[in-house]
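Input: a single structure, listed below in structure tokens.
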Amino acid sequence: MMALGAPPPPPLSLSSSDVKYNLYDTGVNENKPFNDVNGMLQQIMSIVDQSLDEAQARKHAFNQSRLKPAFFQVLCEIKEKTAINIRNLPEDEPPDSQLMRLDNMLIAEGIAGPERTGGSSSAASANAAASINDDSALEHGDYRAKLSQIRQLYHSELEKYEQACNDFTSHVINLLREQSRARPISPREIDRMVMIIRKKFSSIQLQLKQSTCEAVMILRSRFLDARRKRRNFSKTATEVLNEYFYSHLSNPYPSEEAKEELARKCSISVSQVSNWFGNKRIRYKKNIGKAQEEANLYASKLANQAAQGIGGIRRDSDSSQQDKPARKSRSRVKK
DNA sequence: GTATATGATTTGAT
DNA sequence: ATCAAATCATATAC
């Protein structure tokens, strides 16, 4: 029984006379050819005790037997019930959550899924420009170039894997089909083997996806992390912000609307305005003495503007405090 | 090269 | 959610 699943002995060259001789003139008891099941079984069981030539001869004779197909079928069933079921994989594996996560991310990043045309990506850049609205176009373009490079690599690798998987699978199928003439292999077993192969290959693909995700993340952190690619605001933007700050020194907390307006004027985002005021307040407070001259500078500038009637920014009624701003951040009004 | 300026982020409080 | 404060990481001045 234990020898049943083993591959057949390698085919040696046998002359027909050898076969005849071995088949009918062995020292073994049964001279009958394979024409009944018991005889057949006994001959198969005793094959391990025989010489290679004898075994070959038996095999040949067995292959000629009309009982062989039925016999193989039975063996296949037995195999099905024993060997294969033991290491039966969890048949319907749950869709790997990690794989799903990776797939989703790749699609979200535009690596996998439908190829992005110029239209959709320009829509994306328009979206980004709407929210950032500054001169990040260059970096963004660079980012997209690198991203498409990654995408290209990913797709070519994926295709290679797919190709290799298909090649290997069909090769194995052919091999097993061929061997199923010499040893009991059920179609179901072949299917299972195909599944195993696919699984192995998909685990390789998982690695590919993983490293692709990694590369995208690195790219993101390098190109989209604004902290790394910090750019100072334009001179005029800083001017506008400072004007607002020093003309509202008593309460340098622009409302949401004011922030929006400042953002618009400075071509930066609202959150950047918030950042700026947060930094400005804390840094102003930290050394009022040094900031004093800056305050005076802007105060005089504003005075000039007011005198000329240009003042686009109204000074708040409380701005008399501007000469001695005192630390009153704690007394700010809560919204 | 270092020192300072500056925009962004994190943390913790309210 | 918004703020102060500390901190990070880069830009710029020196």
Side-chain angles (χ1 to χ4, degrees), chain A residues 105 108-109 124-147 213-302 312-319 321-335:
Chain A
M105 190 195 142
E109 295 296 333
S125 74
N127 196 6
S131 64
I132 305 294
N133 198 16
D134 63 0
D135 54 350
S136 69
L138 226 162
E139 293 160 32
H140 197 255
D142 208 357
Y143 171 78
R144 270 196 317 172
K146 286 274 196 331
L147 192 70
C213 275
E214 219 170 286
V216 171
M217 291 312 276
I218 290 168
L219 191 67
R220 263 172 100 78
S221 70
R222 282 197 58 189
F223 281 87
L224 295 188
D225 186 354
R227 182 151 84 170
R228 287 187 180 278
K229 278 277 177 192
R230 183 178 69 78
R231 305 218 57 91
N232 290 353
F233 296 151
S234 70
K235 202 77 181 164
T236 55
T238 311
E239 230 165 282
V240 169
L241 292 167
N242 270 317
E243 276 174 21
Y244 187 99
F245 181 79
Y246 285 113
S247 61
H248 296 75
L249 252 188
S250 62
N251 185 32
Y253 297 89
S255 64
E256 192 58 37
E257 300 82 55
K259 280 182 191 172
E260 280 167 19
E261 190 185 340
L262 286 168
R264 193 172 42 73
K265 274 190 197 165
C266 302
S267 300
I268 59 178
S269 70
V270 172
S271 64
Q272 281 178 305
V273 173
S274 298
N275 286 339
W276 190 91
F277 273 88
N279 284 322
K280 188 70 186 179
R281 279 190 300 263
I282 197 77
R283 283 160 184 168
Y284 176 82
K285 204 171 75 175
K286 263 183 175 171
N287 51 6
I288 289 180
K290 186 158 172 292
Q292 193 67 53
E293 53 194 68
E294 197 178 31
N296 287 333
L297 192 138
Y298 279 96
S300 62
K301 183 180 282 189
L302 280 172
I313 298 177
R314 233 185 310 283
R315 307 170 64 170
D316 67 336
S317 55
D318 212 23
S319 64
Q321 290 228 339
Q322 165 175 305
D323 288 336
K324 184 188 170 298
R327 44 183 74 216
K328 54 183 328 180
S329 2
R330 277 288 148 199
S331 69
R332 69 183 191 273
V333 289
K334 203 132 187 249
K335 284 197 287 194

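A, B, ... follow the sequence lines: proteins, then strands. Residue 1 opens every chain. What you see is a predicted model; the values in this text were computed from it and never measured.
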### Message
Within this structure, what is the OH-CG distance for the pair Tyr244(A) and Leu241(A), rounded to the nearest 0.5 Å?
### Response
11.0 Å
### Message
Test salt bridge (charged side-chain N to carboxylate O under 4.0 Å, His left out) on Lys265(A) and Glu261(A); report intermediate values, then the result.
### Response
CA-CA 6 Å; Lys265(A) 274 190 197 165; Glu261(A) 190 185 340; 3.5 Å; yes
### Leu241(A) CG to dA5(B) P, straight-line distance once rounded to whole Å
18 Å
### Query
From the list dC3(C), dG7(B), dA4(C), which nucleotide is the closest neighbour of the side chain of Trp276(A)?
dG7(B)
#### Entry: Any Gln272(A) side-chain N or O less than 4.0 Å from OP1/OP2 of dA8(B)
yes
### Query
Does OP1 or OP2 of dC3(C) have a side-chain N or O of Lys285(A) closer than 4.0 Å?
no
### Task
Kindly indicate whether the side chain of Lys259(A), heavy atoms from C-beta on, has any atom under 4.5 Å from the side chain of Ser274(A).
yes
### Query
Starting at CZ of Arg281(A) and ending at P of dA5(C), how long is that distance when rounded to a whole Å?
10 Å
### Query
Just how far, in rounded Å, is C1' of dA1(C) from CZ of Phe277(A)?
18 Å
### Task
Under 4.0 Å between any heavy atoms, over every strand shown, what does Asn232(A) touch: base, sugar-phosphate, or nothing? Just pick one.
sugar-phosphate
### Query
Quick one: Tyr253(A) OH to dC3(C) C1', roughly how many Å, whole number?
7 Å
#### Entry: Value in whole Å for how far the C1' atom of dT12(C) lies from CZ of Phe233(A)
16 Å
#### Entry: Aromatic ring pairing Phe245(A)/Phe277(A), orientation class (parallel under 30°, perpendicular over 60°, tilted between)
tilted
### Message
Given dG7(B), dT9(B), dC3(C), identify the nucleotide with an atom nearest to the side chain of Asn275(A).
### Response
dT9(B)
### Query
Can you check the Glu239(A) CD to dT6(B) P distance for me, whole Å?
13 Å
### Message
Tell me whether the side-chain N or O atoms of Asn279(A) pair up with the base of dA8(B) as donor and acceptor below 3.5 Å, since no angle test is needed here.
### Response
yes
### Message
Distance check needed: dT6(B) C1' versus Ile282(A) CD1, whole Å only.
### Response
15 Å
### Task
Rounded to the nearest angstrom, tell me the gap between atom NZ in Lys286(A) and atom P in dA5(B).
12 Å
### Task
May I ask you to test the Trp276(A)-Asn242(A) pair for a side-chain heavy-atom distance under 4.5 Å?
yes
### Query
Side chain of Glu256(A): nearest nucleotide among dA8(B), dT2(C), dA4(C)?
dT2(C)
